[in-house]
Protein chains: 2
Amino acid sequence: MTLRYLILGLLTERPMSGYDIRKSISGSMGLIANVSYGSLYPALHRLLEDGAVTVEVELQDGRPPRKVYSITDDGRQEFERWLRQPAGADQVRREFLLKLWLGKTLAPEELTNLVEHRRREVESNMARLNEMRNQVGDKAVTYTWVLDYFAEMYQAELRWLSSLKERLEER
Amino acid sequence: MTLRYLILGLLTERPMSGYDIRKSISGSMGLIANVSYGSLYPALHRLLEDGAVTVEVELQDGRPPRKVYSITDDGRQEFERWLRQPAGADQVRREFLLKLWLGKTLAPEELTNLVEHRRREVESNMARLNEMRNQVGDKAVTYTWVLDYFAEMYQAELRWLSSLKERLEER
DNA sequence: ATGGGCATGTAAATCGTTACATGATTCT
DNA sequence: AGAATCATGTAACGATTTACATGCCCAT
């Protein structure tokens, strides 16, 4: 259901095709959302049916036609209503934590592997985050705040991971 | 799919009924997982079909019979295999962040509301976490590690929230 | 008496991913 | 020559939530 509002939110900035939306999400918003066409296109059709968006087909030669969606007043209102409603609870699943939690039969070096693997992942996420920071461009302030959020989280996790590593080495 | 392994993991400790499993999860594991009966019972039936668990029915008077599930050797092996496989990517959705990200039309005080609301939630999560810490009992060490993880994360988020609040007050 | 705990389950609805289908153009 | 980009979509499958259905016991 949040995909609906994510789309509406993006369309408040400028009209876009499904393809554009996809690119936009996996680009700058890749950290908090990711979408496949299999969910995106049906969601757009649904929004159209509900009158929250309109389409205009742009014919191109040598390319499939682009269907450019624009948000309507109704859509804007729906989006603004959602924005002001209290946010739903987080839905988080970290398989890594589950394995750690249930991993009491793992040998110390297997635990170390698990932890090391995680560390590498967090570090690669952090690298990606820093790239984003270097190309902020004309994005809204709120964008930088969200980047800061992830920076804090990654740093905290790295701290935790290294203290965990120490405890594992002490045996 | 992780529900399958979560169940198996819990059953390595002791045989349990579906009801027990549910309680156990929403108790000590409430932070990383939550399960409804609508997914739990079918998952148990599936495990039984696959020979990963066995059942024994305990008749009780004045109560519905308990179906107590025990893990089989096959189930144990499957669980151990899963445990040693690299963990899948995190799946995280924080509606709060999405609203912040898209909230460029929100007035400063509306943003403040959003942030304050979030702070209260994080703090109540932290209180819940501290309760858990006080009743660790005979849980495995890995349990405390996971608790530490959440403590770090909550603290980091609170830091971020207060710096955000300051920036909002500066206008 | 009313709500919560005990205890099982099914059905419908929702949400999302993966894989498939198509096909031209441009970059390496 | 082959990969990536542009651009749309559907179908099958999988996971999960919510609501429904049932019914006794115990504490307030």
Side-chain angles (χ1 to χ4, degrees), chain A residues 1-8 10 15-27 29-30 32-50 53-69 82 88-95 98, chain B residues 1-8 10 15-27 29-30 32-50 53-69 82 88-95 98:
Chain A
M1 199 76 266
T2 64
L3 175 56
R4 184 183 180 91
Y5 301 107
L6 176 50
I7 293 172
L8 288 177
L10 291 173
M16 283 195 246
S17 68
Y19 193 84
D20 293 338
I21 291 172
R22 169 81 207 272
K23 251 199 318 180
S24 167
I25 292 174
S26 32
M29 310 193 82
I32 41 173
N34 69 327
V35 194
S36 59
Y37 291 126
S39 55
L40 181 55
Y41 286 119
L44 282 168
H45 300 330
R46 183 68 205 280
L47 284 166
L48 192 61
E49 232 179 71
D50 296 344
V53 301
T54 56
V55 213
E56 243 172 294
V57 181
E58 280 178 16
L59 294 170
Q60 313 178 103
D61 46 52
R63 286 254 162 63
R66 282 165 52 84
K67 296 196 177 176
V68 180
Y69 293 89
W82 170 78
D90 294 355
Q91 284 189 319
V92 180
R93 49 150 48 180
R94 276 169 278 229
E95 214 181 79
L98 194 60
Chain B
M1 199 74 265
T2 64
L3 175 55
R4 184 182 181 92
Y5 301 106
L6 176 50
I7 294 172
L8 287 178
L10 291 173
M16 285 195 245
S17 68
Y19 193 83
D20 294 337
I21 292 171
R22 168 82 208 271
K23 251 198 319 177
S24 168
I25 293 175
S26 33
M29 311 193 80
I32 41 172
N34 69 326
V35 194
S36 59
Y37 290 128
S39 54
L40 181 55
Y41 285 120
L44 281 168
H45 299 332
R46 182 69 205 278
L47 284 167
L48 192 61
E49 233 179 71
D50 295 345
V53 301
T54 55
V55 213
E56 244 172 295
V57 182
E58 279 179 18
L59 295 168
Q60 312 179 101
D61 46 52
R63 288 251 163 65
R66 283 164 51 84
K67 295 197 176 175
V68 181
Y69 293 89
W82 170 78
D90 293 356
Q91 286 189 317
V92 179
R93 48 149 50 178
R94 276 169 278 230
E95 213 180 80
L98 195 60

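The sequence lines fix the lettering, A, B, ..., with proteins before strands; numbering per chain opens at 1.
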(Q) Using a 6.0 Å distance limit plus a 45 degree cone around the ring axis, check whether A/R66 lies over the aromatic ring of A/Y19. (A) no
- Give one of base, sugar-phosphate or nothing for A/N34, where a contact means two heavy atoms less than 4.0 Å apart. sugar-phosphate
Separation between CD (B/E58) and CZ (B/R63), nearest 0.5 Å, reads 12.5 Å
DNA chain C nearest-nucleotide lookup for B/R93 and B/G38: closer to the 5′ end is B/G38
Testing D/dT16, D/dT8, C/dA7 for proximity to the side chain of A/Y19, the answer is D/dT8
Rounded to whole Å, the CZ-P distance (A/R46 to C/dA13) equals 14 Å
Rounded to whole Å, the NE2-C1' distance (B/H45 to C/dA7) equals 12 Å
Against the side chain of A/Y69, the closest entry in C/dG16, C/dG9, D/dG9 is D/dG9
Notebook entry, point to check: Under 4.0 Å: is that the gap between some side-chain N or O of A/Q60 and OP1 or OP2 of D/dC6?
Noted result: no
Intermediate values then yes/no, side chain to side chain contact (heavy atoms under 4.5 Å, CB included), B/M29 and A/L98: CA-CA 9 Å; B/M29 311 193 80; A/L98 194 60; 4.0 Å; yes
When rounded to whole Å, the CD1 to P distance for the pair B/I21 and C/dG9 reads 11 Å
| At under 4.0 Å, does any side-chain N or O of A/Y37 touch on OP1 or OP2 of D/dG9? | no
When rounded to whole Å, the CG to C1' distance for the pair A/L44 and D/dT8 reads 11 Å
Closest to the 5' end of DNA chain C, once A/R63 and B/Y41 are matched to their nearest nucleotides, is B/Y41
Separation between CZ (A/R93) and CG (B/L6), nearest 0.5 Å, reads 10.0 Å
B/Q91 atom CD is separated from D/dA15 atom P, nearest whole Å, by 12 Å
Regarding the side chain of B/K23, the nearest nucleotide among C/dC6, C/dT8, C/dC15 is C/dC6
- Is the shortest side-chain N/O distance from A/S36 to OP1 or OP2 of C/dT17 below 4.0 Å? yes
Between C/dA7 and B/R66, is there an OP1 or OP2 to side-chain N/O distance shorter than 4.0 Å? yes
CG (B/L44) and CD (B/E49) are apart, to the nearest 0.5 Å, by 12.0 Å
